[in-house]
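Throughout, a chain's letter reflects where its sequence line sits, starting with A, and its residues are numbered from 1. Here the structure is a predicted model, which is why all the values come from computation and not from measurement.
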Amino acid sequence: MRTHMCGELREGDVGKRVRLCGWVATRREHGEHLAFVDLRDHSGVTQCVVGGSVEARSEWVLQVEGTVRRRPAGNENPELPTGDVELADCNVEVLARAEPPPFAVDDRVESDESVRLRYRYVDLRRPRMQGNLRLRSRVLTALREAMLRQGFCEVETPLLWTPTPEGAREFAVPARLHRGEFYVLPQSPQIAKQLLMVGGVDRYFQMARCLRDEDLRADRQFEFTQLDVEASFVSASDVREAVTEAVVEATEAAVGERPGEVKSISWQEAMDRYGVDKPDMRFEMELVDLGEVFAGTEVRAMAAQCVKGLRVPAGAQLSRNRVDALAERAKQLGAKGLASFKVAGTRSGGEPVLESALEKFLSATERAGLVSATGAVPGDLILVVADSWRTACEVLGQLRLELGRPPVGTGGRRLCWVTDFPLFEGLDDEGVPIAAHHPFTMPHREDLDLLDSDPLAVRSEAYDLVLNGWELGSGSIRIHREDIQRKVFDVLGISPEDAEARFGFLLGALRYGAPPHGGFAVGVDRLVALLAGEENIREVIAFPKTQSGTDPLTGAPKPLSAQSLRELGLRVEAR
RNA sequence: GGUCCUGUGGUGCAGCCUGGAGUGCACGCCGGCCUGUCAAGCCGGAGGUCGCGGGUUCAAAUCCCGUCAGGACCGCCA
C-alpha cells in the first residue's frame with residue numbers, strides 16, 4: 001500500500017512518485033486552492049500539499065500518492081526531519097474516517113490517565129508512547145541476544161502452575177476438569193527453573209510473564225515481565241557478570257550509551273552509607289557514623305546504640321517550617337526524634353558556630369567532631385538521628401532521598417549490585433524468622449553454624465541489582481542439597497510434612513542429582529521505564545491496569561456468565 | 001485495611017478558602033473568510049447532571065457527611 005514511511009523522505013527523494021499511509025496529524029486550510037495535511041505514522045510526519053477541497057479531518061486514515069518536491073525557498077521547517085520536502089500533486093484516498101479524538105494525539109498536551117487508558121489505541125499513537133514501545137522492544141531484543149550469546153537457552157515454563165502458599169498472593173484459575181481444584185498463575189518461574197537445572201539445562205533464561213495479586217503502585221502491576229535467568233555450576237559473581245552483560249547491552253541498545261562502572265556493595269555497607277538496600281548513587285550525601293563523636297556524651301538525646309548524621313549541602317537556608325517538617329517526617333518514619341544543626345560560620349579559633357536547640361548542651365569536642373565528621377561547611381545543615389542502627393540508617397536514608405534525589409531521567413545511570421543480604425529479614429509475631437528472599441536461598445557457607453544460634457545474623461548468597469535507586473531485580477545461589485533445604489525449612493518453622501506437601505516435588509528433585517545452581521530475575525518494566533525516563537511503568541506497558549486493578553478500555557474485571565460459573569463449578573457469594 | 005491529592009462542556013485548567021444566575025481562559029469541535037502554512041491566522045457559533053447521593057442555608061460548583069472513580073503513598077509485594 002505504501003512505498004515509504006511518513007518520517008522517511010529527504011531531499012534525496014525529490015522527484016520520486018511515492019505513496020504514504022497514515023493518520024491526519026493536522027490540517028491547515030488556506031481557502032479553496034491550498035491546504036496542507038500533515039500525515040503521521042510512527043516514524044514521523046510528512047507535509048502533503050492538497051487542493052483546498054480535500055475532505056480529511058483529524059485522525060482520518062489516508063493513503064496519499066504524490067510527488068516529492070523541495071519546499072519553496074524560505075518555507076522549509078527545520079523542526080521536522082522531513083521539513084525540506086513536501087508531497088505535491090497529491091492523490092488522496094480516505095481509508096477510514098474518524099471521529100474527533102477524545103484528546104490531542106500530541107506529546108505536548110497532557111491528558112488524564114484514565115481517559116488515556118480508556119482510549120489507549122489513540123494514546124498509543126502519540127510519539128511518546130510509540131517511542132516507549134519501540135524502546136521496550138529494543139531492550140527485550142538486546143537482553144535476549146546477550147543471553148543467547150552467553151550460551152543460555154530460552155525455555156518456556158507453565159503459566160498454569162501449582163499453588164505454593166508462600167510469598168505473593170497468587171491468581172487462581174479454576175480447573176474445569178477437576179471440580180474444586182485450582183491452578184495458579186506463577187508469581188515467578190522460580191521453582192520451575194530450578195527443576196530445569198536438575199534437568200541438566202545448565203543455562204536457562206526466559207522473558208517470563210509473572211503475575212502477583214498484590215496492590216498496584218507506580219512501579220508495580222499485576223502482571224509484569226522478567227528476564228528470568230538460572231545457571232548451573234556457577235558462583236554468585238558468575239551470575240552477576242552474565243546479568244550485568246545483558247543489562248549493559250540493553251542500556252546501550254535503548255539509549256545509545258553504556259552505563260559507567262557497575263559497583264558492588266554489601267548490604268551492610270549500603271545500609272551504613274545510604275540507609276537503604278537500593279542506593280541511588282547518582283548523588284552523594286552519604287550517611288556518616290557519629291558513634292565516636294558522641295561516645296561519652298552527656299546529651300541524652302544523643303545517647304543511643306547508633307548515632308548517624310546526614311550533611312545537607314546549603315541546608316541552612318531551609319525555613320524553620322521545613323526543618324520542623326523534616327523532624328515530623330523522621331518521627332513518622334519511626335525515629336524517636338531528629339536533631340538538626342545549622343552551620344552558621346566559624347569562630348576565629350576555628351570552632352564552628354552551630355545553631356540548634358541542642359547546641360548549648362554540646363561540648364566543644366562534640367561540636368567540632370560533628371562538623372569535621374560530616375565535612376559540613378558554613379551554610380550546611382546537619383541532621384542527626386540517634387536510635388537503633390536499623391532505624392537511624394533507614395530514617396536518614398529516606399530523608400537523604402527526599403532532600404537530594406535528582407528527577408527520573410537525569411543524573412545518568414548508576415548500576416550497582418548489593419550483595420550479602422541477610423537470610424532472614426526479621427521475626428514474625430511468634431519469633432520465627434521470615435525469609436528475606438525466598439526459602440531456597442543458600443546461606444553463606446561461613447554462617448551455616450549460626451542457623452540455630454543466631455539466625456538473624458546469617459548472611460545469604462542473595463544479591464540485588466539496583467539502578468538509580470530502583471530495585472531492578474534480585475537473585476541468589478540456591479540450596480541444592482536436601483539436608484540444607486530441610487534445615488532452612490526447619491528454621492522457618494515449616495515442618496517436614498508441611499514442606500513435603502508444599503514443595504515435595506522440589507525436594508524430590510534435589511534427591512536425584514541437583515547441580516549447584518543460582519540465578520536472577522531482572523524487572524524488565526522497571527528497566528525500560530528508567531531507560532525511557534518515565535517514573536511510572538504504565539507508560540512502558542501497552543495496556544496497563546489502573547491502581548485498583550481495572551482496565552478502563554475493556555472494563556475488566558467483569559462478572560462471569562452463569563453458564564461459565566456452572567461449568568467451572570463455582571458459586572459467587574454476595575458481598 | 002489506612003493516609004493524602006484530584007474530579008467543573010470533548011481535552012487541560014481557573015473559580016471553592018470568604019456561598020449569591022454555569023462566570024472565565026486555552027485547546028478541540030461546527031460554520032464562514034483566506035494561495036505557503038506548519039500546534040496556521042481572522043470572524044462567528046454550538047457544547048455543562050460542576051462525579052454521584054444526602055445535609056446545612058432564603059440560596060451550594062463553593063460549607064458538612066457519605067459514596068464512586070483516578071492518582072501518590074503506607075500496609076502488602078517469599
Side-chain angles (χ1 to χ4, degrees), chain A residues 25-40 45-53 57-59 69 71-80 82-84 86 88 98-119 122-123 164-170 186-188 190-191 210-222 224 329 332-334 398 402 421 423-426 428 433-441 460 462 471 474 476 488-489 492 494 502-503 521 523 526 535-536 538 544-550 552:
Chain A
T26 59
R27 185 186 47 134
R28 297 177 291 279
E29 282 189 272
H30 295 254
E32 54 184 306
H33 298 294
L34 178 67
F36 301 100
V37 168
D38 286 348
L39 200 65
R40 178 194 63 235
V45 299
T46 295
Q47 172 167 288
C48 305
V49 185
V50 296
S53 60
R57 302 287 165 130
S58 282
E59 302 306 318
R69 75 174 180 204
R71 292 195 188 190
N75 285 304
E76 300 86 359
N77 184 351
E79 306 280 302
L80 290 180
T82 60
D84 288 332
E86 62 189 7
E99 290 179 22
F103 48 84
V105 181
D106 187 326
D107 286 347
R108 288 167 294 198
V109 181
E110 264 313 311
S111 194
D112 189 81
E113 202 182 341
S114 59
V115 182
R116 290 175 53 202
L117 291 183
R118 184 156 74 241
Y119 301 96
V122 175
D123 190 40
T164 50
E166 183 80 29
R169 188 180 299 113
E170 295 158 327
Q187 38 174 308
S188 90
Q190 179 59 40
I191 296 178
C210 305
L211 299 108
R212 295 181 187 172
D213 189 4
E214 298 289 354
D215 287 6
L216 288 65
R217 289 282 194 282
D219 61 351
R220 275 162 35 192
Q221 285 272 303
F222 282 154
F224 56 99
R329 181 80 180 117
Q332 196 186 343
L333 291 167
Q398 186 58 38
E402 290 175 15
F421 273 74
L423 188 63
F424 306 107
E425 64 181 9
D428 69 13
I434 304 161
H437 187 49
H438 56 58
F440 321 116
T441 304
S460 72
E471 183 191 321
S474 55
S476 63
V488 170
F489 279 153
L492 286 169
I494 302 173
R502 291 198 219 172
F503 312 111
R526 289 181 186 177
E535 39 197 320
N536 192 309
R538 293 189 298 271
K545 306 265 187 300
T546 65
Q547 197 166 61
S548 63
T550 63

Taking the side chain from [X] and the backbone from [Y], do they hold a donor-acceptor pair closer than 3.5 Å?
X: A:Arg27; Y: A:Asp38; answer: no
X: A:Ser460; Y: A:Ala462; answer: yes
X: A:Arg212; Y: A:Arg169; answer: no

What does [X] touch in the nucleic acid at a heavy-atom separation under 4.0 angstrom: a base, only the sugar-phosphate, or nothing?
X: A:Glu86; answer: base
X: A:Glu76; answer: base
X: A:Pro439; answer: base

Check: Is A:His30 stacked on the base of B:A40, meaning ring centres closer than 5.5 Å and planes within 30 degrees of each other?
Finding: yes
Give me the distance, rounded to whole Å, that separates [N] from [M] when you measure between the [atom1] atoms they each carry.
N: B:C27; M: B:A39; atom1: C1'; answer: 9 Å
N: B:U57; M: B:U62; atom1: C1'; answer: 13 Å
N: B:G32; M: B:A26; atom1: P; answer: 23 Å
N: B:C65; M: B:G71; atom1: C1'; answer: 24 Å
N: B:A14; M: B:G9; atom1: C1'; answer: 15 Å
N: B:C29; M: B:A61; atom1: P; answer: 31 Å
N: B:C76; M: B:C64; atom1: C1'; answer: 34 Å
N: B:C13; M: B:G28; atom1: C1'; answer: 14 Å

Check: Starting at the 5' end of RNA chain B, which residue's closest nucleotide do you reach first, A:Gln187 or A:Pro72?
Finding: A:Pro72
Margin query: By nearest heavy atom, map A:Val115 and A:Glu32 onto RNA chain B; which one lands nearer the 5' end?
Written below: A:Val115
Given atom [atom1] of [X] and atom [atom2] of [N], what is their separation to the nearest angstrom?
X: A:His438; N: B:C77; atom1: NE2; atom2: P; result: 15 Å
X: A:Arg27; N: B:G41; atom1: CZ; atom2: C1'; result: 14 Å
X: A:Arg28; N: B:G41; atom1: CZ; atom2: P; result: 10 Å
X: A:Asp107; N: B:A39; atom1: CG; atom2: P; result: 14 Å
X: A:Phe36; N: B:U35; atom1: CZ; atom2: P; result: 12 Å
X: A:Asp219; N: B:G71; atom1: CG; atom2: P; result: 14 Å
X: A:Arg220; N: B:A72; atom1: CZ; atom2: P; result: 11 Å
X: A:Glu113; N: B:C5; atom1: CD; atom2: C1'; result: 15 Å

Base-pairing assignment for [N] (Watson-Crick or G-U wobble, both under 3.5 Å):
N: B:G41; value: B:C33
N: B:C63; value: B:G55
N: B:G75; value: none
N: B:A69; value: B:U6
N: B:C25; value: B:G12

Closest to the [X] side chain, choosing from [options]:
X: A:Ser58; options: B:C29, B:A72, B:C38; answer: B:C29
X: A:Arg538; options: B:A72, B:G10, B:G70; answer: B:A72
X: A:Arg71; options: B:G70, B:A40, B:C38; answer: B:C38
X: A:Val109; options: B:A39, B:G36, B:C29; answer: B:A39

Check: Counting just side-chain N and O atoms, does A:Gln47 come under 4.0 Å of either OP1 or OP2 of B:U37?
Finding: no
Next item on the list: May I ask you to verify if any side-chain N or O of A:Arg217 is less than 4.0 angstrom from the OP1 or OP2 atom of B:C74?
Entry: yes
Give a yes or no on whether [X] atom [atom1] has more than 12 heavy-atom contacts from other residues, nucleotides or ligands under 6.0 Å away.
X: A:Glu32; atom1: CD; result: no
X: A:Glu402; atom1: CD; result: yes
X: A:Glu535; atom1: CD; result: no

Check: Under the ring-ring contact (aromatic ring centres under 6.0 Å, His included) test, which residues partner A:His33, sequence neighbours left out?
Finding: none
